[in-house]
There are 2 protein chains.
Amino acid sequence: MNLSNPKRRITIKDVAQAAGVSTQTVSRVMNKFSYVSEETRLRVEAVVEELGYRPSTLARSLIQQRSYTLGIVTYGLKYIGPSRTLNGIADQADKLGYMLVMKELDNLDSSRIEDVIDSLLARQVDGILWAVPEIGDNHAWLDGRLQNISVPVLFIAMHPRPGVSSVATDNYQGAVTATEHLLSIGKRRIGHISGPLSWWEAMERKRGWRETLQKAGLDASEQQCSEGNWSPASGEQAFFQLLEKFPDLDSVFVANDQMALSVLREAHRQGITIPEQLAVIGFDNIPESAHFYPSLTTISQDLQLLGEEAVQSIVQMVQARQNRESIVAESRFIQPTLVIRESTAIQ
Amino acid sequence: MNLSNPKRRITIKDVAQAAGVSTQTVSRVMNKFSYVSEETRLRVEAVVEELGYRPSTLARSLIQQRSYTLGIVTYGLKYIGPSRTLNGIADQADKLGYMLVMKELDNLDSSRIEDVIDSLLARQVDGILWAVPEIGDNHAWLDGRLQNISVPVLFIAMHPRPGVSSVATDNYQGAVTATEHLLSIGKRRIGHISGPLSWWEAMERKRGWRETLQKAGLDASEQQCSEGNWSPASGEQAFFQLLEKFPDLDSVFVANDQMALSVLREAHRQGITIPEQLAVIGFDNIPESAHFYPSLTTISQDLQLLGEEAVQSIVQMVQARQNRESIVAESRFIQPTLVIRESTAIQ
DNA sequence: TGCTATTATGTTATCGATAACATGTTATCG
DNA sequence: CGATAACATGTTATCGATAACATAATAGCA
């Protein structure tokens, strides 16, 4: 492990020379599963250890046309959601022996998409994970473009499209669960504070709320909801609006915990008792939710798992492609779960 | 932009052939700044556009011994702090034309360190950013190992060491500011809830609190502090302990906002008025802090900026090395700032 | 006018590894 | 015992690009 000249890289040639064999033999030792005599193997391994030789992944990728690298395109890393997902991705990629090359979009229009894809392909990534929220038509590009991308692509948190692989939390089902929970504790005038409705995820959550109420024979009009932008500040605004439009509400399903936090706070300020006068349920289950005052009932989505599953899927697709099997596109959902806490705890 | 056979990669040879020139000429067109006639350039550019040719970064990196890629080693992406830093890193790297290869450590012992470094070096990264919190002696490895790493390394949030480059938030100064703020509003019995004291950052924050009190001629004994593990749940525990050990405290500096959140909540529950009976100040300025009840005074650290500065530094080091200039190791601090809110607002 | 500088392009070597092929040696078996 | 399979190793071509060198045409200048 001791190299006299730290500047120059140790290459397979150095090892071959020092061990008195050909480079091919060194390669065979490094990659196992090929005929090498025990004696030679040991000698080469000793030299490898002594020189601290590490094969260049770059060179290997070039000849093998395969990089064991996944390209990740994300957005909004400064928020907790995307980074939880990234955490799952990083974990699982590591387990499966893949490296990650990361690109973060700094806005949500599609101006840089070509660039980003090209730069990932130029790195010979074996597959691409597209972990950018679907907002408006910012995923429209994929219709024309997807089939000319030479590697598999998997989308995270996207509206399922036929012929395109994706993994997402089942936002709709989560919202159904949340709304049913409010019904189950006897609430009937259930409001909703949604995320920005250009977001697919926000729409799904709202749809879950609406359809559940309708199925229960209750009203679910626009009077009963208002829209925030996920931030605590916007939650405050949205709550004020909602109180005005729908003054006699007895509960509210808030599309994320951060906005729900503001609702708890403002309700408290105005002397509204929770959960008796107003039951509140959020979505996401951020770590702080358990420590709000009162603690917040919420729908827990496992973003870590989402990331892990995404990597597993894309790696399967990569391997299928390597074996010239055809890839069957698949859209999968991860089910979120209900976590009951004080903000809906009615005895 | 229309390729007949989407399977095979378009290489420089395809372009050369289609344009009726040598590969070298294509290379010259792609890289500008070399003699190519206007006519040839246009013809080649047209072919490039038509075939959708993109040079292989891999091949280029191999011959140039330079990858325009930075290796990032992180820990705890599921927490908001590390991902904010990563966000800054990704931003700035993109601006400077670098890609990121990411490795996340899944624990803090040093078992996988050699592996991680090796795998990054095998990718020919031009430099490494080590963004793992310093805990106990988990940075001890660098003493022996650093000089045999063939590329520059920069450490984020590490105790400054001579001869090693690093960037960190000035936790000490932040704590001083926080404590002075409590003094300035007339508090004299100031407690502290620290992070886990194996963490360098936690130690620095505690030191800032202690030394500021001592300088003001006040006591700062172990009776006046307790220790959490950054989580809201641990903040609750630590607060109970503190109340027992130091019942007549009039204010508390909590080492992060998540724990401070629990303090606010428990104080509220016990009917302790904030800030009159107990002033509370946190550290980090997470987005929710402004919306706690009451809103939380805190020390804001700009992790985005920290990430950006780190990238700038490492890129400078990379370039210096490329030009065979010597690299001067440097330790820099980013100053955090005080954000005053209701939890210390005494008229 | 002839020599050097500038412009334009092609040829060959190279980065560090593996694939494909070739060759020689040793075991195995009818 | 000779043919064939299994083992062991080396040689050459290759991945996709650029570096280094070579060549040729044109221009500028003493």
Side-chain angles (χ1 to χ4, degrees), chain A residues 7-45 47-48 51-69 118-119 121-126 150 322, chain B residues 7-45 47-48 51-69 118-119 121-126 150 322:
Chain A
K7 314 226 166 195
R8 210 176 59 78
R9 211 191 150 78
I10 305 292
T11 76
I12 198 171
K13 279 186 197 162
D14 302 317
V15 178
Q17 192 163 28
V21 295
S22 73
T23 60
Q24 188 59 224
T25 300
V26 177
S27 173
R28 285 184 183 114
V29 171
M30 297 304 290
N31 295 288
K32 321 271 192 243
F33 306 118
S34 188
Y35 301 127
V36 182
S37 70
E38 190 62 15
E39 187 201 330
T40 312
R41 178 204 314 292
L42 290 174
R43 185 151 36 98
V44 171
E45 278 172 349
V47 174
V48 165
L51 298 182
Y53 166 67
R54 283 279 153 167
S56 158
T57 320
L58 229 60
R60 176 185 284 158
S61 300
L62 187 57
I63 186 75
Q64 294 194 152
Q65 302 286 75
R66 168 128 203 230
S67 63
Y68 286 95
T69 301
D118 282 340
S119 76
L121 292 179
R123 298 270 157 168
Q124 234 102 331
V125 296
D126 293 337
S150 49
Q322 217 78 26
Chain B
K7 315 227 167 195
R8 212 176 57 77
R9 210 192 151 78
I10 305 291
T11 76
I12 199 170
K13 277 186 198 162
D14 302 317
V15 177
Q17 192 163 28
V21 296
S22 73
T23 61
Q24 187 58 226
T25 300
V26 177
S27 173
R28 284 183 185 116
V29 171
M30 298 304 290
N31 295 288
K32 321 270 194 247
F33 307 117
S34 187
Y35 302 126
V36 182
S37 70
E38 189 62 14
E39 188 201 331
T40 312
R41 178 204 315 292
L42 290 174
R43 184 152 38 98
V44 171
E45 279 171 349
V47 174
V48 165
L51 299 183
Y53 166 66
R54 283 280 153 165
S56 157
T57 320
L58 229 60
R60 177 185 282 158
S61 300
L62 187 58
I63 185 74
Q64 293 192 154
Q65 303 286 74
R66 167 129 205 230
S67 64
Y68 286 95
T69 300
D118 281 339
S119 76
L121 291 179
R123 298 270 156 168
Q124 234 101 331
V125 296
D126 294 337
S150 49
Q322 216 78 25

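Naming: A, B, ... by sequence-line order, numbering from 1 per chain.
- Although no hydrogens or angles enter the test, the distance criterion places a donor-acceptor pair under 3.5 Å between the side chain of B:S67 and the main chain of B:Q124.
- B:S22 comes within contact range of at least one nucleobase, with a heavy-atom separation under 4.0 Å.
- In this entry the distance linking CZ of B:R60 with P of D:dC15 reads 19 Å, nearest Å.
- Between the CZ atom of B:R66 and the C1' atom of D:dA17 there is a distance of 16 Å, given to the nearest Å.
- Of the possible donor and acceptor atoms, one in the side chain of B:D126 sits under 3.5 Å from a partner among the backbone N and O of B:Y68.
- Mapping A:V26 and B:G20 onto DNA chain C via the closest heavy atom, the residue that lands nearer the 5' end is B:G20.
- Here A:Q64 lies in heavy-atom contact (under 4.0 Å) with sugar-phosphate atoms only.
- Residue A:L58 contributes atom CG, which lies 13 Å from atom P of D:dA17 at whole-angstrom precision.
- Taking atom CG of residue B:D14 and atom C1' of nucleotide D:dC15, one finds them 13 Å apart after rounding to whole Å.
- Mapping B:L62 and B:Q24 onto DNA chain D by nearest heavy atom places B:L62 at the nucleotide closer to the 5' end.
- Distance from the side chain of B:R9 is smallest to D:dG16 among D:dG16, C:dG10, D:dC15.
- An OP1 or OP2 oxygen of D:dG10 is reached within less than 4.0 angstrom by a side-chain nitrogen or oxygen of A:T25.
- Atom NZ in B:K13 sits roughly 16 Å away from atom P in C:dG10 (whole-Å rounding).
- Interface remark: the A:R54 side chain does not form any donor-acceptor pair with the C:dG16 base, using a distance-only criterion of under 3.5 Å.
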- Verify side-chain contact (heavy atoms from CB on, under 4.5 Å) between B:V44 and B:T40, making sure each step is shown before the conclusion. CA-CA 6 Å; B:V44 171; B:T40 312; 4.2 Å; yes

- Message: side-chain contact (heavy atoms from CB on, under 4.5 Å) for B:V29 and B:E45? Distances and angles first, verdict last.
- Response: CA-CA 8 Å; B:V29 171; B:E45 279 171 349; 3.9 Å; yes

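- Although no hydrogens or angles enter the test, the distance criterion places a donor-acceptor pair under 3.5 Å between the side chain of B:S61 and the main chain of B:T57.
- Taking five base pairs at each end of the helix from C:dT1-D:dA30 to C:dG30-D:dC1 and finding the rotation axis that steps the C1' atoms of four pairs onto the next four gives two axes whose angle is 50°, to the nearest 10°.
- Projected onto DNA chain C by closest heavy-atom contact, B:T23 and B:Q124 fall at different nucleotides, the more 5' of which corresponds to B:T23.
- By the 6.0 Å contact criterion, CD on B:Q17 is open, its count of non-hydrogen atoms from other residues, nucleotides or ligands being 12 or less.
- For D:dT14, neither phosphate oxygen OP1 nor OP2 lies less than 4.0 angstrom from any side-chain nitrogen or oxygen of A:Q65.
- Residue A:S61 places no side-chain N or O under 4.0 Å from the OP1 or OP2 atom of C:dA17.
- Look at CZ on B:R43: it is 13 Å from P on C:dA8, rounded to the nearest Å.
- With distances taken from any side-chain atom of A:T40 to the nucleotides C:dA17, D:dT9, D:dG10, the minimum falls on D:dT9.
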- side chain to side chain donor-acceptor pair (under 3.5 Å) evaluation trace for B:S119 with A:R54: CA-CA 8 Å; B:S119 76; A:R54 283 279 153 167; over 6 Å; no

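- Remark: C1' of D:dA17 and CE of B:M30 are 11 Å apart, rounded to the nearest angstrom.
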- Message: Before you tell me yes or no, could you show the steps for B:I12 and B:S27 under side-chain contact (heavy atoms from CB on, under 4.5 Å), namely the whole-Å CA-CA distance, both residues' side-chain angles and the distance that decides it to 0.1 Å?
- Response: CA-CA 8 Å; B:I12 199 170; B:S27 173; 4.0 Å; yes

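- Here the side chains of A:V21 and A:R43 are in contact, with some heavy-atom distance below 4.5 Å.
- No donor-acceptor distance shorter than 3.5 angstrom exists from the side chain of A:N31 to the backbone of A:R28, with no hydrogens or angles considered.
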I'd like a table of atom pairs between the protein and nucleotides 3-7 of chain D - only N or O on both sides, under 3.5 Å - with the distance next to each one.
{"from": "D:dC7", "atom 1": "OP2", "to": "A:Y35", "atom 2": "OH", "distance (Å)": "2.8"}

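- Distance, A:I12 CD1 to C:dC15 P: 14 Å, rounded to whole Å.
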